[in-house]
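Let me begin by presenting the structure, written as structure tokens, before commenting on it.
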Amino acid sequence: MVAGFSLYSAVDALTKYLSLRYSILQILLIDTLVSLLPITLIGFVHGKGWRGLSIRSLPLHSVRAMFGLGAMILNLYAFAHMPLADAYAILFSGPLVMTALSSLMFKEKVAPSAWAAIAGGFAGILVMLRPSGPAIGTGALSAVLGVLCFSFSALIIRHFGQNETPISFPLYGNGTAAAAIACLLAFGCPGGIVTPTQYDLGVNVVAGLILGIAATAVLAAFRAAPASVVSPFQYYQMVWAVLLGWLIFGDTPTPFLGIGGSLIIGSGLYLLRTENRRAQANHSTK
């Protein structure tokens, strides 16, 4: 999990670097196409042939892929238009949003203490966004919308994807994203395609390879241990975000980042702890 999310941080930093000269869609097109190489190879080897890459429900993967594509574009836009650490702090509210949506959409029971944690996390988002202050902008709003898309994508996998092979989600998700982005660019989507330099193309290809390896590393972590055990390691990205943002892009962390980020991360860790206790209680009663 540490390796996977560290690699994701590297992809985000490379994307922020490339976004200074190229559109998000162009960067993401190369990322998703190249990422299919390591994902397919690892899926083929781990799944012992083509069966490991098969799917059972095309509509399920199509809907999930659209939410996944939305999350990709919105998150990368956020990374390009705001400091990495600020974007991560907002994106870390994903577990809070998923818990709230699970209760509202799937009638899952959420304890009052968990609702208090969700409220604390959203308070952290408000501190980060400062609606009446200078920090709010298209990048922050894009990060919030990206969290919603990511949450819907994760809930689809959680509630409807039990019969699918694990590697099929990143494989067909990234494949669908690449096809959709190619269509958008072909029909003159704003930003267009700019011929990259050899160096920038190499950076983009490296980012795509890292993206594919990161996706399979995180998948392997979720297969090897319960989500409540490995999920907290996602917050390890904040360390990389602060370091990379400061060293490469000159982004200095603000007090609002510390306060809001602490509220969001603390609330998320509390929810994971609560979920772990509930899972242990259910297991002991069986």
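Bear in mind that the values here come from a model prediction, so they are computed numbers and not experimental data.
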Close side-chain approach of M72 and T32, heavy atoms under 4.5 Å: yes
Derivation of the side-chain contact (heavy atoms from CB on, under 4.5 Å) call for R21 and V194: CA-CA 8 Å; R21 292 174 296 281; V194 177; over 6 Å; no
Rounded distance [0.5 Å steps], CZ in F106 versus CG in L101: 8.5 Å
CG-OG1 distance between D200 and T195, expressed to the nearest 0.5 angstrom: 11.5 Å
Point-to-point distance, once rounded to the nearest 0.5 Å, from CD of Q237 to CG of D12: 6.5 Å
Hydrophobic cluster (4.5 angstrom, side-chain heavy atoms) - remaining members for I30: V34, L201, V205, L209
Any donor-acceptor N/O pair, K16 side chain to G245 backbone, under 3.5 Å: no
CA sep, side-chain torsions, deciding dist, call: T176, H61, side-chain contact (heavy atoms from CB on, under 4.5 Å): CA-CA 9 Å; T176 302; H61 280 275; over 6 Å; no
Minimal non-hydrogen separation, I90 against V147, with atom names: O-CG2, 3.6 Å
Heavy-atom check, side chain of I27 versus side chain of L76, under 4.5 Å: no
Approximate separation, where rounding is to 0.5 Å, of I118 CD1 and S267 OG: 9.0 Å
S103 side-chain N/O to T99 backbone N/O, donor-acceptor pair under 3.5 Å: no
Same apolar cluster: L29 and L20, side chain cutoff 4.5 Å: no
Centroid-centroid distance, F79 to Y88, less than 6.0 Å: yes
Connected hydrophobic set around L104, excluding itself, where side chains approach under 4.5 Å: none
Value rounded to 0.5 Å, distance of CD1 in I39 from CG in N174: 4.5 Å
Backbone N/O of L96 and side chain of S93: donor-acceptor pair under 3.5 Å: no
L145 vs L148, side-chain contact (heavy atoms from CB on, under 4.5 Å): CA-CA, chis, key distance, verdict: CA-CA 5 Å; L145 294 175; L148 288 173; 4.3 Å; yes
Shortest non-hydrogen contact from Y8 toward A215: OH-CA, 3.3 Å
Backbone of G212 reached by a side-chain donor or acceptor of T216 within 3.5 Å: yes
Side-chain heavy-atom pair C149, M66 within 4.5 angstrom cut-off: no
Under 3.5 Å donor-acceptor, N75 side chain and A71 backbone: yes
Considering all heavy atoms, the nearest I193-Q26 contact: CA-OE1, 3.2 Å
Any R158 side-chain heavy atom under 4.5 Å of S102 side chain: yes
Minimum heavy-atom distance R64-S153, with the two atoms named: CD-OG, 2.8 Å
Those residues that, when tested against R56, pass salt bridge (Lys or Arg N to Asp or Glu O under 4.0 Å) (two or more places apart): none
Joint cluster assignment, Y270 & V97, ILVMFWY side-chain distance < 4.5 Å: no
Side chain S35, main chain G208, donor-acceptor under 3.5 Å: no
F169 backbone acceptor or donor facing E164 side chain under 3.5 Å: no
Residues Y77 and S19: side-chain donor-acceptor under 3.5 angstrom: no
Pair Y172, S62: side-chain N/O donor-acceptor within cut-off below 3.5 Å: no
Derivation and outcome, side chain to side chain donor-acceptor pair (under 3.5 Å), residues T252 and W246: CA-CA 6 Å; T252 303; W246 176 53; 5.2 Å; no
N204-Y22 side chain donor-acceptor pair, cut-off 3.5 Å: no
Over all atoms of both residues, closest heavy-atom pair of S168 and I55: CB-CG2, 3.7 Å
M1 reachable from I157 in the ILVMFWY side-chain graph, under 4.5 Å edges: no
Donor-acceptor contact below 3.5 Å, side chain T40 vs main chain L37: no
Mutual orientation of the aromatic rings belonging to Y17 and Y199 [parallel < 30°, tilted 30-60°, perpendicular > 60°]: perpendicular
Distance (rounded to the nearest 0.5 Å) between K107 NZ and M105 CE: 10.5 Å
Closest non-hydrogen atom pair between L69 and A177, with its separation: CD1-CB, 3.7 Å
